[in-house]
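A short write-up of the structure that comes next.
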Amino acid sequence: AGAIQLVGLQRISSKILALLSQSLGVVIALMPHLRANLALHLPEKQHALLSQLDRILQDYREHQKKVFAKLVSIMLDRVDNSEAMHAALSGQVSVMPGQASPYMADLVKDAQALHRVLGPILTKEQMEDVYCQILDGFDSKLVSIYSATNFTDAHVGHRITTDIAHLITSMMQLQPDSNQLCCPQLAKFAQNVAGGPA
């Protein structure tokens with residue numbers, strides 16, 4: 001909020017956050033070299049000032065972590081907006097058999113759009129880390145929401161398993177090289193729903 005007021009922006013986009021994270025990364029990468037050069041040229045009695053650089057470096061690292069956390073929370077906030085999901089589960093929204101509900105289709109589309117924005121900016125490791133956190137969040141939040149539904153009802157159960165399959169398939173396409181199992185809790189939940197009540 002402070003950054004929005006300071007710069008006079010209406011909002012801060014995912015792209016701006018990604019660029020900010022990389023700008024911080026450049027400073028973080030250069031800081032040890034700056035410190036080493038200053039240590040060579042500062043008189044011995046002024047070396048205590050170098051500890052200020054160490055504190056600044058730590059602040060930048062923390063700030064970069066918060067930027068990545070914000071990118072993750074942008075996607076996870078979409079899961080919290082679950083009114084459309086409940087409409088699909090209750091049958092209020094007409095969905096063709098075998099197709100994802102509008103709620104899940106929109107959630108997947110948002111995750112794909114974020115991936116397209118971040119891909120050219122973040123490193124491969126950073127992308128994997130951000131999407132690992134997003135998928136972990138999807139996994140736990142959606143299982144929690146689905147568990148509170150009447151998933152033993154045939155319509156609700158079918159809607160849940162179809163949506164989960166769409167999510168997992170789509171997310172695996174975003175991270176084809178990843179060895180991590182995509183949304184394991186959701187996959188297990190869908191398997192249990194498809195198998196009927198225990």
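Side-chain contact between Phe68 and Leu17: absent, with no pair of heavy atoms (C-beta onward) separated by less than 4.5 Å. Put simply, the side chain of Ile134 reaches to within 4.5 Å of the side chain of Leu114, judged on heavy atoms. Counting heavy atoms from C-beta outward, Ile145 and Val79 have side chains that approach closer than 4.5 Å.
Put simply, the side chain of Asp110 never gets that close to the backbone of Arg78: no donor and acceptor are under 3.5 Å apart. Checked by atom type and distance alone, the side chain of Tyr131 never pairs as donor or acceptor with a backbone atom of Met171 at under 3.5 Å. A donor-acceptor distance shorter than 3.5 angstrom exists from the side chain of Thr161 to the backbone of His158, with no hydrogens or angles considered. In terms of modelled atom types and a separation under 3.5 Å, the side chain of Glu128 and the main chain of Glu125 share no donor-acceptor contact. Without hydrogens or angle criteria, His166 side chain to Ala105 main chain gives no donor-acceptor distance under 3.5 Å.
When only modelled atom types and interatomic distance are considered, Gln22 and Gln126 share a side-chain donor-acceptor pair under 3.5 Å.
A salt bridge links Arg35 to Asp54: one of the charged nitrogens lies within less than 4.0 Å of a carboxylate oxygen.
Across all their heavy atoms, Val67 and Ser21 have their closest contact at CG1-CB, 3.9 Å. Nearest heavy atom pair, residue Cys183 against residue Leu167, reads SG-CD2, 4.4 Å.
Identified under the side chain to side chain donor-acceptor pair (under 3.5 Å) test for residues 59-76, with sequence neighbours left out: Gln58-Glu62.
Ring geometry for Phe189 against Tyr146 counts as parallel: the plane angle stays under 30°, on a 0 to 90° scale with 60° as the upper cut.
Within 6.0 Å of the CE atom in Met172, the count of heavy atoms belonging to other residues, nucleotides or ligands does not exceed 12.
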